[in-house]
There are 2 protein chains.
Amino acid sequence: MPDHKRAAGTRLGRRNDPDRRDRIIDACIEVVSRAGVAGTSHRKVAAQAAVPLGAMTYYFDGMDDLLREAFTRFATTISDRFERRMAAAPDADAAREAVIAIILEDVFGDDRELVLSHELYTLAARDRSYRSITADWMARSRAALERHFDPETARMLDALIEGLTIHRALDSQPRDPREVEIAVTRILTRGGEAR
Amino acid sequence: MPDHKRAAGTRLGRRNDPDRRDRIIDACIEVVSRAGVAGTSHRKVAAQAAVPLGAMTYYFDGMDDLLREAFTRFATTISDRFERRMAAAPDADAAREAVIAIILEDVFGDDRELVLSHELYTLAARDRSYRSITADWMARSRAALERHFDPETARMLDALIEGLTIHRALDSQPRDPREVEIAVTRILTRGGEAR
DNA sequence: AATGTGTGTGCACGCTCGTACACATAGAGG
DNA sequence: CCTCTATGTGTACGAGCGTGCACACACATT
């Protein structure tokens with residue numbers, strides 16, 4: 001019985017480094033970010049993690065299983081950061097500015113995260129079983145926004161963040177940062193929508 | 001000299017069906033929508049298009065070349081439809097409703113287009129050379145929106161459409177369609193953003 | 001009818017891939 | 001120190017891949 005499938009607490013005969021499995025997951029994220037899901041293979045991940053090829057099938061039930069764990073970790077990491085930033089905002093106005101900063105920084109920041117997000121979305125769009133990862137991520141983002149805004153606004157704002165981030169990343173020419181500010185402000189302005 | 005590389009007008013010795021190349025491109029879109037870019041190969045596309053394997057390298061300089069043409073066609077198709085819908089709106093209010101309809105229909109509509117869009121975004125996120133496809137697509141969307149709204153609003157609205165579409169597609173639970181209406185209305189409402 | 005030319009094809013090579021399975025080995029229990 | 005067991009590894013197999021290239025074949029020209 002493989003170690004990772006045994007109930008926690010029964011530690012028996014464990015020898016090598018116990019976080020080899022973790023290393024494989026991290027290596028997988030790294031390989032995906034460089035080569036894409038299309039270019040990711042057991043062999044490349046094994047090489048990146050410096051583990052033998054046989055360890056791949058030993059620890060995971062195939063690429064899907066591995067990818068699921070890798071993207072779960074990735075989404076959790078991003079989600080944690082978002083939550084922390086939102087929690088750091090003392091009031092709604094600070095939260096508004098934090099959101100603007102996140103959009104602008106995520107765009108000009110690491111290409112790596114942009115790529116990984118899209119790889120995940122693509123998997124989720126095709127395969128229902130990845131959708132729980134994106135659903136959880138979205139749920140956490142919304143919960144973080146609901147510290148400062150009502151639930152409905154939080155959902156709209158979350159969608160706006162997504163769209164602005166994507167479009168600014170895929171745009172060929174740079175845009176005025178003030179546009180982001182204006183868009184966020186408009187979404188946060190409750191107007192004559194009660195009809 | 002391959003037919004497709006020859007200057008238009010010089011038709012010499014063309015024999016078989018002249019739109020074989022077109023069929024391959026369509027077949028590529030089809031295969032990508034079913035198997036993803038990751039699972040697309042010359043052989044699968046050839047089988048789908050019912051052309052011999054050798055035709056792949058004959059008509060295209062490799063998968064990248066083929067994918068670029070396939071996604072260009074896909075983006076153009078979607079873009080055309082969007083443009084037509086916007087052109088059909090007589091005034092700004094009708095345009096507003098058209099946008100709302102597009103968001104709601106695209107979500108509950110074909111999974112195929114959702115998947116293909118994400119596959120394209122993923123390629124564009126990783127590879128600069130695909131970015132001109134997405135950039136052109138965005139430019140056309142914005143131009144269509146600018147029939148009814150000012151350029152700045154058009155860009156914000158375009159981003160909002162993106163975000164709402166994605167989030168509603170990747171969400172696990174259904175949302176009230178009225179939220180879309182409210183979000184669009186807020187973006188279209190010019191408020192106290194002049195500061 | 002013979003010839004030439006450019007279009008398009010069939011095939012096989014070398015490669016990478018995931019997976020299965022025989023085997024090594026570390027540590028526990030005797 | 002020996003034995004047993006569960007953990008982990010090395011390897012080889014078959015499938016699927018892109019590509020290069022010799023070649024078939026339709027048609028224009030003579």
Side-chain angles (χ1 to χ4, degrees), chain A residues 1-25 27-28 30-32 34-70 119 123 127, chain B residues 1-28 30-32 34-70 123 127:
Chain A
M1 188 187 208
D3 232 24
H4 59 99
K5 284 178 185 166
R6 192 182 310 132
T10 64
R11 28 185 49 260
L12 204 153
R14 173 174 275 172
R15 292 163 276 151
N16 240 330
D17 54 336
D19 41 28
R20 201 208 296 282
R21 201 162 181 279
D22 273 352
R23 280 221 322 279
I24 295 175
I25 294 174
C28 181
E30 177 62 24
V31 171
V32 169
R34 274 195 279 106
V37 169
T40 299
S41 65
H42 279 179
R43 290 170 138 91
K44 285 183 190 168
V45 175
Q48 173 73 31
V51 299
L53 174 60
M56 291 294 124
T57 42
Y58 181 72
Y59 285 109
F60 301 93
D61 291 342
M63 272 302 314
D64 266 13
D65 187 31
L66 174 54
L67 284 174
R68 212 142 16 229
E69 295 223 37
E119 295 281 357
L123 287 178
D127 189 340
Chain B
M1 190 186 206
D3 234 24
H4 60 99
K5 284 178 184 164
R6 191 180 314 129
T10 64
R11 28 184 50 261
L12 204 151
R14 172 175 275 174
R15 292 164 276 153
N16 241 328
D17 55 336
D19 41 29
R20 202 209 295 282
R21 202 163 180 278
D22 272 353
R23 281 220 323 277
I24 294 175
I25 295 173
D26 285 336
C28 181
E30 176 62 25
V31 171
V32 170
R34 274 195 279 105
V37 169
T40 299
S41 67
H42 278 180
R43 290 171 138 91
K44 284 182 190 169
V45 175
Q48 173 72 32
V51 298
L53 174 61
M56 291 295 124
T57 42
Y58 181 72
Y59 285 110
F60 301 92
D61 291 342
M63 272 304 313
D64 266 12
D65 187 30
L66 174 53
L67 284 174
R68 208 137 24 224
E69 295 223 37
L123 287 178
D127 189 339

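- In this structure, B:Asp64 atom CG and D:dG18 atom P are separated by 12 Å, rounded to whole Å.
- Rounded to whole Å, the distance from CZ on A:Phe60 to P on D:dT7 is 16 Å.
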Enumerate, atom names and distances included, each donor-acceptor pair closer than 3.5 Å involving a side-chain atom of residues 42-55 of chain B, sequence neighbours excluded.
unit_1: B:Lys44; atom_1: NZ; unit_2: B:Gly39; atom_2: O; d: 2.7
unit_1: B:Gln48; atom_1: OE1; unit_2: B:Arg34; atom_2: NH2; d: 2.7

I'd like a table of atom pairs between the protein and nucleotides 14-17 of chain D - only N or O on both sides, under 3.5 Å - with the distance next to each one.
unit_1: D:dC17; atom_1: OP1; unit_2: B:Ser41; atom_2: OG; d: 3.1

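- If you measure from atom CG of B:Asp19 to atom P of C:dG8, you get 12 Å, rounded to the nearest angstrom.
- Atom pair A:Met56:CE and C:dT16:P shows a separation of 18 Å (rounding to whole Å applied).
- Of all nucleotides listed (D:dT7, C:dG8, C:dG18), C:dG8 comes nearest to the side chain of B:Tyr58.
- From A:Met63, atom CE reaches atom CG of A:Leu66 across 5.0 Å, with rounding to the nearest 0.5 Å.
- Residue A:Arg21 has no polar side-chain atom (N or O) positioned under 4.0 Å from OP1 or OP2 of D:dT7.
- Separating the CD1 atom in A:Ile25 from the CZ atom in A:Arg20 is a distance of 13.5 Å, to the nearest 0.5 Å.
- When the nucleotides C:dA12, C:dT9, C:dT19 are ranked by their closest atom to the side chain of B:Leu53, C:dA12 comes out on top.
- Taken from CG in A:Leu67 to CZ in A:Phe60, the straight-line distance is 10.0 Å, to the nearest 0.5 Å.
- Note: OH (B:Tyr59) to C1' (D:dG20) measures 18 Å, nearest angstrom.
- A straight line from CG of B:Asp65 to P of D:dG18 spans 14 Å, rounded to a whole angstrom.
- The distance between atom CG of A:Leu66 and atom P of C:dT19, rounded to the nearest whole Å, is 11 Å.
- Side-chain contact between A:Asp127 and A:Asp64 is present, with at least one heavy-atom pair separated by less than 4.5 Å.
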